[in-house]
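Keep in mind that the numbers below use all heavy atoms, side chains included, and drop hydrogens, waters and symmetry copies.
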2 protein chains.
Amino acid sequence: MSGVNVTRTSNLEFNTPFIVTHQQAEIIRALRRRGVISRTDIARMTGWSRAKITTEVSVLIDKGFLKEVGDGTSEGGRRPRLLNINNELGYVIGVDIGATSIDMALADVCGRVMQRQSVPADVRNSPEVVLGHCSQMILDMALAQGTSPEKIYAIGVGVPGPVEFARGTLVAPPLMPEWENFPIRQFFRTTFPSAIIVVDNDVNIMAIGELRAGQGVGLDDFIYVKIGTGIGAGIVSNGKIHRGANGCAGDIGHICVDKQGTMCRCGNIGCLEAMAAGPAIAERAMVAARTGESPILARRLETNGSFLRPEDVGAAFREGDRVACEIIQSSGRMIGEVLAGLVSFFNPSHIFVGGGVTNLGNQLLSSIRQTVLQRSLPLATRHLIIDYSNMGTEAGVTGAIFLTFDYLFYVSD
Amino acid sequence: MSGVNVTRTSNLEFNTPFIVTHQQAEIIRALRRRGVISRTDIARMTGWSRAKITTEVSVLIDKGFLKEVGDGTSEGGRRPRLLNINNELGYVIGVDIGATSIDMALADVCGRVMQRQSVPADVRNSPEVVLGHCSQMILDMALAQGTSPEKIYAIGVGVPGPVEFARGTLVAPPLMPEWENFPIRQFFRTTFPSAIIVVDNDVNIMAIGELRAGQGVGLDDFIYVKIGTGIGAGIVSNGKIHRGANGCAGDIGHICVDKQGTMCRCGNIGCLEAMAAGPAIAERAMVAARTGESPILARRLETNGSFLRPEDVGAAFREGDRVACEIIQSSGRMIGEVLAGLVSFFNPSHIFVGGGVTNLGNQLLSSIRQTVLQRSLPLATRHLIIDYSNMGTEAGVTGAIFLTFDYLFYVSD
C-alpha cells in the first residue's frame with residue numbers, strides 16, 4: 001500500500017514536521033509509488049549519480065524518515081539493501097463520517113492498518129458533537145497503541161457533502177447544514193497538534209481507496225458510484241481524483257431521469273436520487289406491500305413493524321418475488337441511464353459500484369449494465385467493466401489514510 | 001504562448017531529434033510554462049545551485065535549443081539575461097481536419113504563428129487523398145517560409161472522430177469509416193522525416209487551444225462544447241486534457257434527451273445530436289417553411305433554392321421570426337439539459353461553446369444557460385460561466401500546435 005504524490009506548495013496550510021528537499025521528495029515519491037526499493041532502483045528512476053543518492057538517502061535515514069528493511073535480490077554482486085519509509089515514525093488516521101456512522105482506522109505512515117473502529121452516529125448533530133466523538137475515538141486508538149496524541153501525524157477525513165478542498169470545509173451541505181464552513185481542520189488540531197488534517201468528500205475518499213489499494217490500482221480513468229440513501233460519484237481522471245471547480249464534482253444524484261417523476265428534496269423533479277436510491281426503493285416496496293401487490297413484501301412489512309428497507313426488497317427478490325425484482329430492475333435502469341450519459345462523456349475503463357444498496361445483489365448490477373450497453377456508443381463500452389467494489393466500508397477509511405500521504409512530507413528548499 | 005509538459009516516456013514512439021536530460025527537461029518545462037525566464041527564475045523554480053543552472057543552460061544553448069533574448073529587470077545588481085526556446089530551431093504545424101474543411105497553421109517552436117491556410121475538403125474521401133492534400137499544403141507553407149521539409153519538427157493533427165491517442169489512429173469513426181486504423185503518423189513521416197506527429201480528436205485540440213492560448217489559460221476544470229453538424233466536448237480536468245480509456249471521452253452527442261425523440265444515425269432514439277445539432281435545426285426550419293408556419297423562413301427557402309441552413313434560422317430570428325426563435329430555444333434547452341447533468345457530474349468552472357451553430361447568436365446561449373441553472377445544483381452553478389469561445393477556427397489549429405510541444409523535446413538519460 002503506498003501513496004504517490006508529495007506536496008510541493010502549501011495552499012493547504014499544512015504544518016507537518018516532516019520537511020524534505022525537492023530531491024528527497026522525489027525519493028519519497030518513488031517509495032510511495034513502488035513500496036520497498038533499493039538505491040539502485042532510485043538511480044534508475046531519477047537518473048542521479050550513485051554519490052548523490054547515497055547522500056540524500058543518508059540524510060533521510062538520519063532524519064528518521066526512511067529505514068533499511070532488509071536485502072533485495074542480487075543482480076550479480078552484493079545484494080542491495082532495501083529502503084522504505086520508517087513505519088515507526090508515527091501514526092495516520094482515516095475517518096469516514098457517514099450519514100449514520102463513523103468508520104475509522106489507525107495505520108502506520110506506510111499505510112499498514114493496525115486498528116479499526118465503527119460506531120453509529122448521526123451527522124445531523126452539530127460538528128462539535130460528531131467531531132468531538134471522532135477525537136475521542138482517535139485518542140482511544142492512540143492509547144490502545146500505547147502512544148501519545150502527538151504521534152498522530154495525519155488525519156484524513158471524509159464527510160458526506162461538498163468540500164472546498166483547499167480550505168477543508170463543507171460548502172452548502174444538504175444533509176448537514178450546521179457544518180457549513182465549520183473549521184474541521186482547526187478543530188482536530190487542538191487535540192492533535194502534530195497532525196496535518198485533510199478533508200474530502202466521502203465518495204472521493206472511497207474512489208481514492210479503490211485507486212490506491214483496491215481494484216483501481218494502476219487505472220487512469222474510472223468512476224466510483226456510491227448508492228445508498230443518496231447517490232454520488234467519485235471520479236478519477238488521468239490517475240488523479242477530479243474534485244471539480246467547487247469540490248462538488250460527482251454529485252450525480254440530482255441529474256434528471258424523469259421529467260414527470262417525483263419531487264426531490266433539492267426542489268427539482270425526477271432526480272436520480274429521488275427516483276432510484278435506497279429510500280425510493282423502500283417506498284415503492286411499502287406501496288406494493290400495502291396494496292397487496294406483493295404478499296412476500298406484505299409479510300416482511302408485518303414482521304418489521306411499520307417499515308421496509310432496501311435489504312427487505314433484496315431478500316424478497318431472493319425468495320422469488322416478482323414485484324421486488326421489478327423494483328430493483330427499475331432502479332437499475334434509471335441509474336444505468338445516467339451512467340450511460342457519463343460513460344459517453346467521460347469514457348471510463350471501469351465503474352465500481354459501492355454503498356448500502358449494493359446488497360440488493362446482481363439483479364441491480366445486471367440492469368445497470370444492460371442499460372449502459374444499450375445507451376452508450378459501442379467504442380466506450382467495448383472494454384468497459386461495471387462491477388461492485390469489493391472493498392466495502394474499507395474503501396472510505398483506506399482512501400482517507402492514503403489521501404493524507406500526499407501531504408505528509410512537505411517540500412521546502 | 002507556451003506548452004507545459006515535456007514527455008518522459010516513449011509509448012508514443014516519437015523520434016524527435018531534440019534529446020534532453022531530466023534536468024534540462026525541467027528547464028524547458030519552466031520555459032513553456034512561463035515564456036521568457038532568467039537563470040534566477042530557474043533557480044527559484046528548481047531549487048538548484050547557480051553553478052548547476054549555468055552548466056545546464058550552457059549545454060541547452062550549445063545544442064541550439066535555447067537562446068538569450070535580451071535583458072530582464074534588475075532586482076538590484078546586474079540585469080538578468082532572459083532565456084527562451086530558440087525560435088530559429090525549426091517549425092511546427094497545426095492541422096485541424098474538419099468534416100468539410102482543412103484549417104492549418106505554421107508556427108515556430110515557440111508557438112508564434114507565421115502562416116495560416118484554410119481550404120474546403122471532404123473527409124469522406126480516403127485518408128490518402130485528404131492527408132496527401134495536407135502534406136502538399138505543409139510543403140507549400142515550408143516553401144513560402146524558405147525552408148525545407150526537414151525543418152518541420154512537429155505536426156499536430158486534429159481529426160473528427162475517436163482517436164486512440166497512443167497509436168495516433170482513429171477507432172470506429174462514424175463520419176469516416178475508411179480512416180479506421182489508418183497509420184496517420186507513418187503517412188506524414190514519409191514526407192516529413194524529422195517531424196514527430198501527434199494525432200488527437202478535433203474537439204480535444206480545440207479545448208487544448210483554449211487551455212494554452214485562449215480563455216482557458218490557468219483554468220483547471222472546464223468543458224469545451226462544439227456544436228455543428230455533430231455535438232462533441234473536449235474535457236480539461238486538473239489542467240490536463242481528459243481523453244478517457246478509449247480516447248472517446250466527450251462524445252456527448254449521443255446522450256439521450258428524449259426517449260420519444262427521432263432516430264439517430266447511431267441507431268438509438270432521441271440522441272442530443274439528432275435532436276439539437278445543425279441538421280436538426282435546419283430540418284425543423286424546413287418544415288416550418290413548407291407548412292407556412294413561418295413566412296420568413298418560407299421566403300428564405302425560396303431564395304436559397306431547396307434548402308435551409310442553421311444560419312438561415314439565425315437570420316430569421318434576427319428579423320423577428322417567432323418560429324425561428326422557438327427552434328433555437330428548443331435546441332438550446334436540449335443542449336442545456338445534457339450540460340446540466342455534466343455540470344453536476346464534472347463541476348467545471350467554465351463551459352466554452354464553439355462550432356458552426358454558435359452563429360445563431362445569444363438566444364442559443366441564453367437558453368442553454370437558463371436550462372443549466374434550472375437543472376443543476378446551486379453550488380455547481382454559483383460561479384459557473386457559460387460563454388461562446390472567442391477563438392473561432394483558431395482554437396483547433398492553435399491547440400494542434402501546442403499539443404506537439406509536450407513531445408517536441410524527448411527525455412533520455
Where on B/Leu379 is there a heavy atom nearer than 4.5 Å to chain A: the side chain, the backbone, both, or neither? both
At a heavy-atom separation under 4.5 Å, does B/Ile241 approach chain A through its side chain, its backbone, both, or neither? backbone
For [X], which atoms come within 4.5 Å of any heavy atom of chain B: side chain, backbone, both, or neither?
X	answer
A/Glu337	side chain
A/Cys248	both
A/Ala172	side chain
A/Ile235	side chain
A/Asp220	neither
A/Arg243	backbone

Top contributor to chain B interface from [options] [non-hydrogen pairs under 4.5 Å]:
options	value
A/Ala340, A/Gly250, A/Pro162	A/Gly250
A/Leu342, A/Leu384, A/Ile252	A/Leu342
A/Ser237, A/Gly232, A/Ala233	A/Ser237

Heavy atoms only: give me the nearest A/Cys266-B/Leu377 pair and the separation to one decimal. CB-CD2, 4.0 Å
Mind listing the closest non-hydrogen atom pair of B/Ile255 and A/Ser344 along with its distance? CG1-CB, 4.0 Å
So which of B/His254, B/Arg375, B/Lys259 has the biggest tally of heavy-atom pairs under 4.5 Å with chain A? B/Arg375
Under the 3.5 angstrom rule, does the side chain of [X] hit a backbone N or O of [Y] as a donor-acceptor pair?
X	Y	result
B/Asn347	A/Gly247	yes
B/Asp251	A/Ser376	no
B/Asp221	A/Asn246	no

Enter the distance from B/Lys240:NZ to A/His242:NE2 here, rounded to the nearest 0.5 Å. 15.0 Å
Would you call the rings of B/Phe345 and A/Phe346 parallel, tilted or perpendicular, taking 30° and 60° as the class edges? perpendicular
